[in-house]
Protein chains: 2
Amino acid sequence: MESRIERLCIERRLKMTGQRRIIARVLSEATDHPDVEELYRRASALDARISIATVYRTVRLLEEKGILERRDFGGGRARYEATAHGHHYHLIDVDSGRVIEFADPDLETMLHALASRLGFDLVSMRLELFGRRARVRDERASAGDAAPPVQAPR
Amino acid sequence: MESRIERLCIERRLKMTGQRRIIARVLSEATDHPDVEELYRRASALDARISIATVYRTVRLLEEKGILERRDFGGGRARYEATAHGHHYHLIDVDSGRVIEFADPDLETMLHALASRLGFDLVSMRLELFGRRARVRDERASAGDAAPPVQAPR
DNA sequence: ATAGGTGCAAAGCATTTGCCGCGGT
DNA sequence: ACCGCGGCAAATGCTTTGCACCTAT
């Protein structure tokens, strides 16, 4: 009954209002990386008396509390996902906008080594790969991550 | 007399106005990663009759032409640098805001391999490391392959 | 009871754009 | 001469905030 994220909120003693409960549920059920407007849409479908300002405020709060992570895949809007247990990275399909998650311990190691070679302790990083499906056999991308195609940085 | 970037503009047959010449010069002389406001400040110092809208338009044009690259180091404003010959990445010192550039062919290789393992051709990527100066014990005096052009804190 | 949350609309920021006179080529 | 450019201010698009009311604890 209680969503995973609601539980996390309670642990951190956040006041659980109706709106937050809804938003927590939407977030808990998301398997993609929705932006605020999309979260607002989904939350509104469950309970119409939520304003987008509240979504912004909630998402910000949860990020500060470490429950959510903000992503920037280009396109000017922040996108969110629940903090995962393992580190992972994102590859964005530039044609479909779809986001593929992947982990790679070797990469992790390499980046830490790299930073330390430069005289730094790695605090955090931002890594996004932009790719195009390698020629396989015509395969239509069906809206995995409801997002328009993305323009990759040069 | 003619700045490096002005030359590139001429090669691409861009109309060289007084404003563009100034902006091209500012960009040619920059060794850091200025944002638009900073570019505007520097350009204004050379010639006061430049508007910030022109800086935005020019920077955008030059990016489309492949002469400039847009970066996002967080903080909400885009930052720019002249397109370099070799690929390089950025490490941001979280305490000072300083940006350290570095190259790493192994990393390059690894990322391409990674994408292709996922079934994608790597089109581009975004990678920024955020680090804190390490408390050193075994100082391998001034990091091996790093190019240390640096920029002022925000 | 009361600290903090919410809705609404207005404000903020970085960036873009419409209009129109001006300046390269 | 022509087409594109630059200045200005207004418009955008995402996000934050001030204010007055409301609600979990």
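Each chain gets a letter, A, B and so on, in the order its sequence line appears, and its residues count up from 1.
- Residue-level contact check: B/Ile52 touches neither bases nor backbone, having no heavy atom under 4.0 Å from any strand.
- Nucleotide C/dG4 holds its P atom 15 Å from the CZ atom of A/Arg13, rounded to whole Å.
- Judged by distance alone, with hydrogens and angles left aside, the side-chain atoms of A/Arg20 form a donor-acceptor pair with the main-chain N or O of A/Lys15 at under 3.5 Å.
- As a whole-Å value, the separation of A/Arg21 CZ from D/dT25 P is 7 Å.
- Remark: P of D/dG7 and CZ of B/Arg49 are 9 Å apart, rounded to the nearest angstrom.
- Along DNA chain C, the nucleotide closest to B/Thr17 and the one closest to B/Arg60 are compared, and the more 5′ of them pairs with B/Arg60.
- If you take CG of A/Leu39 and C1' of D/dT15, they are 14 Å apart, rounded to a whole angstrom.
- Taking the six-membered ring where the residue is Trp, A/Phe73 and A/His90 present tilted rings, their angle falling between 30° and 60°.
- The A/Arg77 side chain lies nearest to D/dC14 when the options are C/dT17, D/dG6, D/dC14.
- Listed candidates were C/dT17, C/dA14, C/dT6. Nearest to the side chain of B/Arg57 is C/dT17.
- One finds no salt bridge joining A/Arg41 and A/Asp35 here, because no Lys/Arg side-chain nitrogen approaches an Asp/Glu carboxylate oxygen to under 4.0 Å.
- The side chain of B/Tyr56 has C/dT16 as its nearest neighbour among C/dT16, C/dG24, C/dT6.
- Comparing C/dT25, D/dT15, C/dT6 by their closest approach to the side chain of B/Met16 singles out C/dT25.
- Side-chain N/O atoms of A/Gln19 include one lying less than 4.0 angstrom from OP1 or OP2 on C/dG7.
- A/Glu38 places its CD atom 14 Å from the P atom of D/dT15, with the value rounded to the nearest Å.
- When each of A/Ala78 and A/Leu14 is assigned the nucleotide of DNA chain D bearing its nearest heavy atom, the one mapping closer to the 5' terminus is A/Ala78.
- Between the CG atom of A/Asp35 and the P atom of D/dC14 there is a distance of 8 Å, rounded to whole Å.
- Atom CZ of B/Arg133 has 12 or fewer heavy atoms from other residues, nucleotides or ligands within 6.0 Å.
- Put simply, OH on A/Tyr40 is 14 Å from P on D/dC14, counting in whole angstrom units.
- Counting only heavy atoms from C-beta on, A/Ala53 has its side chain closest to C/dC8 among C/dG24, C/dA14, C/dC8.
- For B/Arg20 against C/dG24, no side-chain N or O and base N or O form a donor-acceptor pair under 3.5 Å.
- The separation between B/Glu37 atom CD and C/dT16 atom P is 14 Å, rounded to whole Å.
- When distances run from any side-chain atom of A/Lys15 to the nucleotides D/dG6, D/dT25, D/dG4, the shortest one goes to D/dT25.
- The environment of CZ in B/Arg7 is crowded: more than 12 heavy-atom neighbours from other residues, nucleotides or ligands sit within 6.0 Å.
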